[in-house]
Protein chains: 2
Amino acid sequence: MNKKPTIRDIAEICGCSANTVSRVLRGSTRISLALREKIARVAKEIGYIPNSLAESMRTGSTKTIAVIFQDFRNPFFAVLARFIEEYARSLGYFVLFATTSESAEQEVAACRTVLGRNVDGILFSPIQRDTKAVKLLMGQKTPFVLLGRRFQGVDAYSVIADDEQGAYLTTRHLLERGAREILFLNSFSFICTSQFREQGYLRALKEYGGQPHILEVSMEYGKTREALKRLYQKPQPYDAILTFCDMMGFEAYYTLREIGRRVPGDILLAGMDGMQRDFIYPISLTSAVIDRKVLAEKAMDMLLMLIEHQRDSGKPLPDKKEIVIPQTLFLGQTT
Amino acid sequence: MNKKPTIRDIAEICGCSANTVSRVLRGSTRISLALREKIARVAKEIGYIPNSLAESMRTGSTKTIAVIFQDFRNPFFAVLARFIEEYARSLGYFVLFATTSESAEQEVAACRTVLGRNVDGILFSPIQRDTKAVKLLMGQKTPFVLLGRRFQGVDAYSVIADDEQGAYLTTRHLLERGAREILFLNSFSFICTSQFREQGYLRALKEYGGQPHILEVSMEYGKTREALKRLYQKPQPYDAILTFCDMMGFEAYYTLREIGRRVPGDILLAGMDGMQRDFIYPISLTSAVIDRKVLAEKAMDMLLMLIEHQRDSGKPLPDKKEIVIPQTLFLGQTT
DNA sequence: CTGTTAGCGCTTTCAC
DNA sequence: GTGAAAGCGCTAACAG
């Protein structure tokens with residue numbers, strides 16, 4: 001079994017040193033034209049592909065960033081992944097994705113794995129069950145930016161959406177549509193996003209004088225449906241439901257119809273994230289839109305500044321430690 | 001700026017050789033207990049993380065596979081990504097995802113990138129606009145398996161879903177529900193999946209004596225809606241629509257309601273892929289279900305056999321070059 | 001039980 | 001213009 005061709009193989013064929021081949025392949029013009037052409041030709045002929053492992057070992061840079069989040073199945077992150085990948089690629093970076101499957105151990109494992117691969121930087125959306133993983137990252141020299149999350153008392157760079165505002169906007173909209181008893185199906189309160197969204201929900205209620213009704217539900221497949229079905233075994237006073245995210249909103253829509261409620265006839269429904277921006281679903285859900293492209297690119301830009309600063313401390317650091325991206329209200333068919 | 005700790009640093013602190021550290025870290029028991037414990041403790045203390053680049057350089061194995069497909073935004077692939085990642089991780093492999101954004105050049109670039117990173121194997125879902133990328137892979141020693149696709153006349157390993165059967169089942173179901181003029185919104189015919197689905201659609205029509213109506217539409221955001229809106233500027237005879245995939249089906253549902261058609265009252269609708277298996281969407285769409293977990297694991301198993309065979313030619317090759325996974329009919333609310 | 005040596009494929013440095 | 005030598009961090013092979 002013959003091995004993959006290396007620069008040495010090219011050098012041998014061309015009768016020059018490996019060094020010269022390396023130079024030519026990296027575009028040096030200080031080599032005689034004849035040799036340059038010969039090397040380029042031979043490289044193509046034998047199907048040479050540079051070994052980036054070896055490259056990285058020597059240069060120290062992998063031109064790779066890692067993105068760590070929970071699950072590809074969450075379309076919010078799937079879309080984010082796409083935009084990050086696209087933007088990173090346009091900047092010459094390759095992206096490693098590692099997922100945590102909602103497990104705190106797996107989260108630490110994912111961080112260690114990508115650190116061991118010497119990525120130049122990390123975009124990290126933590127589960128926030130604990131701070132082990134982020135503490136681990138703080139103890140390393142690899143720059144990282146928190147993606148859509150932040151920790152109280154942890155001094156890390158982050159890019160987040162204005163979740164308080166998003167929830168405020170959707171809740172206010174429901175109130176303006178006449179709802180008075182709004183059930184908020186939130187995610188777990190250890191996630192900062194849930195906390196902020198709850199604050200926005202409460203702020204709107206306060207302004208309009210409504211009572212809060214909050215139920216914490218997992219984002220996993222079927223959990224929103226289960227919760228709603230259980231809840232509606234008894235009569236409920238709600239005239240609107242707000243969900244932590246659109247995927248939960250879709251489950252709520254499905255379940256409400258299942259139990260004979262018309263949306264928006266009998267009950268109003270709004271979600272958050274604004275997935276409608278990237279997909280056309282069977283019905284359009286009123287929602288607070290987060291521009292995932294902006295989120296992806298701001299996070300990547302911030303990370304790049306950190307990477308460049310680290311390589312050359314003359315380069316500037318980001319002027320803010322936290323970037324907050326505003327959300328906008330999308331009016332769908334469910335209100 | 002102090003660098004990342006290496007085994008040498010540990011060796012120095014412990015007063016032994018780097019080699020000994022390496023042995024201990026890999027679990028050798030032939031080292032004195034005292035030293036083993038000291039090394040383990042020091043490694044933890046200084047936050048040592050093994051450099052897998054260096055490891056791979058030496059051993060030749062990266063314990064990494066690459067998955068190449070078009071776009072994370074396609075939930076079919078997002079779910080597949082999740083299952084592949086989960087399964088690969090359980091087998092000790094890390095997964096590199098590279099996406100092609102529907103571009104033939106980007107496809108070749110993605111293959112070269114992952115090859116340069118010396119992945120042990122590749123799962124590849126080609127765009128099928130051309131065969132450049134697959135030809136590139138055939139010319140390398142890195143084993144690969146085609147994921148959900150196959151090429152006529154290309155002798156590669158592949159795991160695919162039984163798309164002919166899926167389309168047959170959904171079409172037959174529409175016919176049994178009384179539909180006679182079924183519009184098939186297919187994807188582009190250069191994709192083998194489209195060809196097979198078209199064959200299944202035609203087979204069912206033949207059995208029941210219906211006329212084919214096929215329109216090729218891009219899977220991209222909004223394209224199905226555009227196509228349907230354009231089509232329905234004039235009256236149309238269709239009493240059912242079948243779409244290449246569920247995401248197109250959702251767009252169709254949304255658009256049909258937009259133009260005042262009730263589903264299933266005025267017109268029946270079915271998709272393919274069975275995304276309902278992994279998500280609860282606002283309405284459930286009749287569809288042909290592909291078990292993405294099975295697809296992921298069969299493909300990974302096949303790839304592993306190829307990887308092991310390559311490392312040790314005593315190990316067996318897969319007995320079939322192509323694995324076909326059956327599809328099942330899911331009855332939703334749209335028929 | 002432990003150390004020494006060599007080398008994976010590449011780039012950097014210094015030399016001519 | 002080009003080459004030789006060294007070394008990135010690790011592990012395999014051979015010593016002892």
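Naming: A, B, ... by sequence-line order, numbering from 1 per chain. Below, each value reflects all heavy atoms present in this structure, side chains not excepted, and no hydrogens, waters or symmetry copies.
Within the structure, a side-chain polar atom (N or O) of B:S32 is placed less than 4.0 Å from OP1 or OP2 of C:dT2. Under 4.0 angstrom from either OP1 or OP2 of C:dT2 there lies no side-chain N or O belonging to B:T20. OP1 or OP2 of C:dG9 has at least one side-chain nitrogen or oxygen of A:K3 nearer than 4.0 Å. Put simply, B:R26 has a side-chain N or O that comes within less than 4.0 Å of OP1 or OP2 on D:dA12. When the side-chain nitrogen and oxygen atoms of B:Y48 are compared with OP1 and OP2 of D:dG9, none of them lie within a distance under 4.0 Å. A:S22 has a side-chain polar atom (N or O) that falls below the 4.0 Å cut-off from OP1 or OP2 of C:dT11. Remark: A:S17 is in phosphate contact with D:dG3, judged by side-chain N or O atoms under 4.0 Å from OP1 or OP2.
Exactly one residue among B:E86, B:E85, B:R89 makes a side-chain hydrogen bond (donor to acceptor under 3.5 Å, both in side chains) with A:S101. That residue is B:R89.
Here the two rings, on B:F72 and A:F97, have centers that are under 6.0 Å apart.
Listed nucleotides: D:dA12, C:dT11, D:dC14. Nearest to the side chain of B:R58: D:dA12. Listed nucleotides D:dG1, D:dT11, D:dG3 differ in distance to A:C16; the shortest reach to its side chain belongs to D:dG3. The nucleotide whose nearest atom lies closest to any side-chain atom of B:T59 is, among C:dG9, D:dA12, C:dT11, D:dA12.
For residues 42-52 of chain B, the pairs satisfying salt bridge (Lys or Arg N to Asp or Glu O under 4.0 Å) are B:R41-B:E45, with sequence neighbours left out.
Atom CG of A:N51 and atom P of C:dG9 are 7 Å apart (whole Å). Rounded to whole Å, atom P of C:dG9 lies 6 Å from atom CE of B:M57.
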